[in-house]
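See below for the structure under consideration.
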Number of protein chains: 2
Amino acid sequence: MLEARLQEAALLKRLLDSIKELVTDANFECNEEGINLQAMDNSHVALVAVKLDATGFKKYRCDRPMPLGVNLNSLTKVLKCAKDDDICIIKASDDADILNLVYEARSSDRIAEYDMKLMDIDAETLGIPDTEYDARVTMTASEFTRIVRDLSQLGESVRIEVSKEGVRFASEGEAANGNVLLKQTEAAREKYANYGKEDEEPKEEDDDDDDDEEGSSSKKKIKKEKNMKKEDADVEMEGEEEDEDQEEFKPKSDDEGEEEQDEDEGDKKNGKKRKKAPAKSNGKPAKKVKKSDETPADGGVLIEMNQHVSLTFSLKYLVNFSKSSALSNTVQLMMSNDVPLLVSYKFGQGEIKYYLAPKIGEE
Amino acid sequence: MLEARLQEAALLKRLLDSIKELVTDANFECNEEGINLQAMDNSHVALVAVKLDATGFKKYRCDRPMPLGVNLNSLTKVLKCAKDDDICIIKASDDADILNLVYEARSSDRIAEYDMKLMDIDAETLGIPDTEYDARVTMTASEFTRIVRDLSQLGESVRIEVSKEGVRFASEGEAANGNVLLKQTEAAREKYANYGKEDEEPKEEDDDDDDDEEGSSSKKKIKKEKNMKKEDADVEMEGEEEDEDQEEFKPKSDDEGEEEQDEDEGDKKNGKKRKKAPAKSNGKPAKKVKKSDETPADGGVLIEMNQHVSLTFSLKYLVNFSKSSALSNTVQLMMSNDVPLLVSYKFGQGEIKYYLAPKIGEE
DNA sequence: TCGAGTCCTT
DNA sequence: AAGGACTCGA
């Protein structure tokens, strides 16, 4: 038995808008901690992972873990029947063959109820390791959207290059080449000082003891990352059907990875973890990270990095990912060389993460 | 070497939006005085001429005249990558095979750079004489847009008829006939009293002594116009490839035209030069003609004419021209019987002019 | 007058 | 399916 009451149907609607073109069917894995969805896109090039925390619901009850196999097109249709500010109650009985959605107007004078057929979907929940990345870029979602959309006019792919000074997105096309450089600014640094530290579990890291083992950890982390991959290989994407695309996901194996940029690395990497331990939160008061963030001004990025990274990705997917800007004002790009990019949008009740393998041939 | 710095990319964006459906490729003729573009539309029925004064740029440098052959679709794409309030720097080296565009955010924390391939386009710069017209109609761009769009729903063409009292736009269609009469009002007269006299070379008229020498000069001007045509025939549109459409552009041939209107003629041609000599500004204070004009109220037209004119034009083109209302709030229609209509939008940094041959058969 | 939603076009 | 334009509502 699952019963989840959502304050606003809009959240689900936006969520579905974000992923429905990438994925057609997916299991909503419900357990007492919340609802998770994970799926490869239809061409098995990208992976999307959604997490909705139980705490984000007005009411949440899930007696036992259950996968709800949903056709996203159907769910999108049903969700279109909800008004944005309707209260939305989702129910499924233990046999999990029907998803029951109730939309209740704020005023309670309208109650709509929909039953949607569920389906059995092979559970391919992939264990995605909480990898460490060499570079993390935090920026406004709208700017990211803008950049990938702009560049997608020119060419098929974009090279993303991160250095301490900023991040550069560069594309080449028949008619024109273009690149956009976003500089790290003090304003951006302050703006995002607390990003992901409130309301949100970092989750992207697994070092639970402490966030700031600066120094020392660079190697460790890199190793850890690799380890993770190995360890979870069987449950990872690689473990799945052998798709040639798959290969891209487990990039070339690490030839380098011995370097130390301890201080920076430590800082960066632990940034997320450090949330609760306000070790050095720039002294900023804990601003609520509401739906996303409340910062209005565009421009500027926060760069956290150990190492210069330069990766090339298909713009088509990035444009697709960027639809999630409806869910959050802020996006984070996590990158390590030759490793899939992680694009993360955190919102009040959870997070949506996209993984995309880099183009190997560069271009 | 060309380098031009534009305060707002929006100007270029709007400019391209205005013409990109009319013309696919065109030379941006750059010289020390600014940038000019001139092209026939794809079906060789209309001609568009854009002028951007060097003085309108924040910085402008052009060492030697150079034509930049641009595919307007490509340029449009590249310009879409600029935000409206970006500073836009255009550069081309002397070999002129690449156009470099840099967009700089106001905050300078974003710098985008695009390189666009240029192409060789047969220079067909047509010498367009600064013709005298029998009638000039000045009105708000939005009203013009509205009228041609409205009438285009009824029929294919519109008859524009100018009398002292006003201007009438009339169309006939299968389902309905319609006409719109705009009366000249005192308000409009005042509103436009200084239009084009500030910031801008008049250029549309050369009667520097007065705008309203009604009566007396009508014949004179007509003659002048014809002279102009003859004189510049070789460089005029007529001089181009023999397109049957061409014919429309050189309406009836001047039977008279032996007279000398030296002063007028000289004026016209030098009109641009004369700008600094504020001969007769109607005593109006020099209101800045900013982006366009600052007059808010719609309605009413200013009519300046020697002679009643009645001409029929294809609405399709007029609707197309009217896109330039993004550039200016005011439009001027210049007409003489059997001569191409000139539709002119003046904006802070220049002007865009469209020429359209009348339909001869009337309908 | 501005913003959001819908419809149409590419 | 996405972007732009237009219309209606707040």
Side-chain angles (χ1 to χ4, degrees), chain A residues 8-11 13-24 41-43 45-46 48 71-77 79-86 103 105-107 141-156 158 173 175 291 296 314-327 329 354, chain B residues 9-10 12-22 24 42 71-85 140-153 294-298 315-316 318-327 329:
Chain A
E8 304 227 327
L11 175 69
K13 296 175 73 164
R14 296 201 196 104
L15 194 53
L16 266 288
D17 283 343
S18 294
I19 63 176
K20 68 165 191 280
E21 278 180 40
L22 221 44
V23 180
T24 55
D41 85 295
N42 295 328
S43 54
V45 171
V48 55
N71 176 285
L72 299 188
N73 281 325
S74 301
L75 182 54
T76 301
K77 281 184 188 170
L79 283 171
K80 285 218 174 113
C81 303
K83 296 182 74 176
D84 276 0
D85 60 352
D86 282 351
Y103 308 138
R106 285 293 176 84
S107 54
S142 60
E143 190 141 53
F144 179 65
T145 302
R146 175 66 193 246
I147 289 169
V148 295
R149 198 200 293 152
D150 281 353
L151 294 180
S152 69
Q153 290 190 118
L154 303 182
E156 303 270 298
V158 61
K291 199 52 120 309
S314 160
L315 276 164
K316 176 181 133 196
Y317 288 95
L318 297 183
V319 168
N320 218 320
F321 299 168
S322 72
K323 288 180 186 168
S324 290
S325 56
L327 288 164
N329 296 333
Y354 299 95
Chain B
L12 269 185
K13 297 176 72 163
R14 297 201 197 104
L15 195 53
L16 266 289
D17 282 344
S18 295
I19 63 176
K20 68 165 188 282
E21 280 182 35
L22 222 44
T24 56
N42 295 328
N71 175 286
L72 298 189
N73 281 325
S74 299
L75 181 54
T76 301
K77 277 186 186 172
V78 172
L79 283 172
K80 283 212 176 120
C81 303
K83 298 180 79 169
D84 275 1
D85 60 352
T140 62
S142 60
E143 192 141 52
F144 179 65
T145 301
R146 176 66 193 250
I147 290 169
V148 296
R149 199 200 292 153
D150 283 353
L151 294 179
S152 70
Q153 292 190 95
E294 61 295 280
T295 57
D298 264 29
L315 275 165
K316 176 181 134 199
L318 297 183
V319 168
N320 217 319
F321 299 168
S322 71
K323 288 180 185 165
S324 290
S325 56
L327 288 162
N329 296 332

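Labels below follow one simple rule: chain letters A, B, ... track the order of the sequence lines, proteins then strands, and each chain is numbered from 1.
- The separation between Phe321(A) atom CZ and dA2(D) atom P is 14 Å, rounded to whole Å.
- Protein atom CD of Gln153(A) is 9 Å distant from nucleotide atom P of dG3(D), rounded to whole Å.
- Distance CG (Asp84(A)) to P (dA4(C)): 12 Å, rounded to an integer number of Å.
- The only member of Val158(A), Leu318(A), Val319(A) that meets side chain to side chain contact (heavy atoms under 4.5 Å, CB included) when paired with Leu151(A) is Val158(A).
- Between the CG atom of Asp17(B) and the P atom of dT9(C) there is a distance of 18 Å, given to the nearest Å.
- Between Asp85(A) atom CG and dA10(D) atom P there is a gap of 13 Å when expressed in whole angstrom units.
- The listed nucleotides are dA2(D), dG3(D), dC6(D); the one nearest the side chain of Arg149(A) is dG3(D).
- Checked for salt-bridge contact, Lys323(A) and Asp17(A) miss the test: no charged N lies under 4.0 Å from a carboxylate O.
- Heavy atoms of Lys323(A) sit under 4.0 angstrom from primed sugar atoms or phosphate atoms, though from no base atom.
- Rounded to whole Å, atom P of dG9(D) lies 14 Å from atom NZ of Lys83(A).
- Annotation: side chain of Tyr317(A) is in contact with side chain of Ser43(A) (closest heavy-atom distance under 4.5 Å).
- If you take CG of Leu315(A) and C1' of dA1(D), they are 17 Å apart, rounded to a whole angstrom.
- A distance-only check finds no donor-acceptor pair linking the side chain of Asp86(A) to the backbone of Ala9(A) [under 3.5 Å].
- Atom-to-atom, CG of Asn320(A) to P of dA1(D) comes out at 11 Å; the value is rounded to the nearest Å.
- In the set dC6(D), dG4(D), dA1(D), dG4(D) carries the atom at the smallest distance from any side-chain atom of Lys80(B).
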